[in-house]
Participant: 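Sharing a structure below in structure tokens format, with a few things to ask.
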2 protein chains.
Amino acid sequence: MRASDKAYAALREDIIEWRLAPGTVLAEVEQSERLGVSRTPVREALSRLTAEGLTTAAGGRGVVVTDISLEDIDELFELRETLEGKAAALAAERGERPVFARLHAELLRAPEMLNDSDPARHDYYALVGRLDEAIDEAISNSYLAQAMRSLRVHLVRVRRLAADDAERLHAAAAEHAAIAEAIAAGNPRLAEAATTLHLHRSLSHVKATHTPH
Amino acid sequence: MRASDKAYAALREDIIEWRLAPGTVLAEVEQSERLGVSRTPVREALSRLTAEGLTTAAGGRGVVVTDISLEDIDELFELRETLEGKAAALAAERGERPVFARLHAELLRAPEMLNDSDPARHDYYALVGRLDEAIDEAISNSYLAQAMRSLRVHLVRVRRLAADDAERLHAAAAEHAAIAEAIAAGNPRLAEAATTLHLHRSLSHVKATHTPH
DNA sequence: GATGCCCTTAGTGTATACATAAACCGCGAT
DNA sequence: ATCGCGGTTTATGTATACACTAAGGGCATC
């Protein structure tokens, strides 16, 4: 593995896992010492992070970790709804139906995964990730897929704030199942509607979590 | 101006203006000699270009200029329709109406700009660019604006292929005027519809230009 | 004659030295 | 006491030397 990949992966993890808080200044020398590589790969890593929007170049004086506020979440979901709604509709038109029928069946059994033996919900998130990948592949539009991928980075950051509880995950699984079902049925408008519904519920949940009572 | 900015701007120009054809391998040493800077800023420039999608990392052996084929154009416009349609609708909801009313009036007078005294259509494209900027600002959604900006880079490349004739530009100006009018009227669905129409016509024109008779 | 291995070479990946610019601190003057 | 100027310091920006990897060609062997 290249040193620049290592630096990139490490910094990205640290930002997504909120070990590097928004506003933190990432100085090249400091990070190169912390990560045990020279400045060159660190620079490359910071370039990539800035291109992704996880960091911002702060006028000549290092890069800072991008802030994510509640207003950002609204904007983020506005774009997400647009892109994923379209993607779901396209997947319903172009996708391999058996693939989504199988995912639908698996998602219906998702509640079994949400027992307490897996606190990180690893299997559950992996399954949802497979649905995302299946949609990415089904749409056969690399530009749209790319746009969604760059969005998901920010969404993972938001998810870390949301503290999903078992109840919400059960509901989300059912919503994902509905999306998969609509795609498997080859119904674009239904797939888009199911996606819209899911995203609205997700957003409401995140905002409810962070609204003072 | 920093050397890396210079290298980035030069390479970007060369790619967009088709002086560097798709598939061209951009070797670091070669480009650093051509541009008169050292390898480091060239690397930085190539990083940025790759992040934008204008170049692709070719497995350790330099980066190559990304290809743009007719299938890519379909994908590109599919995403463009999604993003710009949503953007026009949001602008109609949130924009300052007088701004778009003024742009509407200017676009109606656009045919006057399309005389032969300005073969590059500089004023015309500047006006259309101002409409794009006004929409970007009106939507107040930095993520959506960012997604559209990264799309426009590829669209400029396509436009260079299209060889817009005066007739098409007249029609396009009228379509843009319709978009501005709908936004000025605060009608989101109309704005989206006008955008959809404009993009379909643009796409048809590009494809007609490149379809063998 | 064809195939496989080795050597050469060219190009990227990394480290580091040097240049340069901006910010901060301290000192002085008003 | 505050404002401004200048020096110092610390960061990034650039250049370059070195390492390493992969690809291509040539030679030898089957």
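Order of the sequence lines sets the chain letters (A, B, ...), proteins ahead of strands, with each chain counted from 1.
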Participant: Under 3.5 Å, is there a donor-acceptor pair linking the side chains of A/Tyr125 and A/Arg121?
Facilitator: no
Participant: Do the ring planes of B/Tyr143 and A/His154 sit parallel (below 30°), tilted (30 to 60°) or perpendicular (above 60°)?
Facilitator: perpendicular
Participant: Could you state the CD-C1' distance from B/Glu44 to D/dT14, rounded to the nearest angstrom?
Facilitator: 11 Å
Participant: Decide yes or no for A/His176 and A/Tyr124: does some side-chain heavy atom of the first lie under 4.5 Å from some side-chain heavy atom of the second?
Facilitator: yes
Participant: Distance check: side-chain N/O of B/Ser4 vs OP1/OP2 of D/dG13, anything under 4.0 Å?
Facilitator: no
Participant: Rounded to whole angstrom units, what separation is found between the CZ atom of A/Arg43 and the P atom of D/dT12?
Facilitator: 8 Å
Participant: Do A/Glu78 and B/Arg94 meet the salt-bridge criterion of a basic N to acidic O distance under 4.0 Å?
Facilitator: yes
Participant: Answer yes or no: is there an ion pair linking A/Arg157 with A/Asp72, defined by an N-O contact shorter than 4.0 Å?
Facilitator: no
Participant: Rounded to whole angstroms, how far apart are CD on B/Glu28 and C1' on C/dA10?
Facilitator: 12 Å
Participant: Salt bridge check: are A/Glu52 and A/Arg12 linked by an N-O gap of less than 4.0 Å?
Facilitator: yes
Participant: Do A/Arg168 and A/Ser202 have side-chain atoms, one donor and one acceptor, less than 3.5 Å apart?
Facilitator: yes
Participant: Salt bridge check: are A/Glu106 and A/Arg130 linked by an N-O gap of less than 4.0 Å?
Facilitator: yes
Participant: Using whole Å, what does the distance between atom P of nucleotide D/dG13 and atom CE of B/Met1 come to?
Facilitator: 14 Å
Participant: Take the protein atom CD of A/Glu33 and the nucleotide atom C1' of D/dA11, then report the distance between them rounded to whole Å.
Facilitator: 13 Å
Participant: Just how far, in rounded Å, is C1' of C/dT14 from NZ of A/Lys6?
Facilitator: 13 Å
Participant: Among residues 45-55 of chain A, which contact DNA chain C at a heavy-atom distance under 4.0 Å?
Facilitator: none
Participant: How close or far is atom P of C/dG11 from atom CD of B/Glu30, stated in whole angstroms?
Facilitator: 8 Å
Participant: What is the distance from CG of A/Asp5 to P of C/dT12, rounded to the nearest Å?
Facilitator: 16 Å
Participant: With 3.5 Å as the limit, what N/O pairs link the protein to nucleotides 15-21 of chain C?
Facilitator:
residue: C/dA15; atom: OP2; partner: A/Ser38; partner atom: N; Å: 2.8
residue: C/dA15; atom: OP2; partner: A/Ser38; partner atom: OG; Å: 2.8
residue: C/dA15; atom: O5'; partner: A/Ser38; partner atom: OG; Å: 3.4
residue: C/dA15; atom: N7; partner: A/Thr40; partner atom: OG1; Å: 2.8
residue: C/dT16; atom: O4; partner: A/Thr40; partner atom: OG1; Å: 3.3

Participant: Would you say A/Thr55's side chain and A/Thr50's backbone share a donor-acceptor pair under 3.5 angstrom?
Facilitator: yes
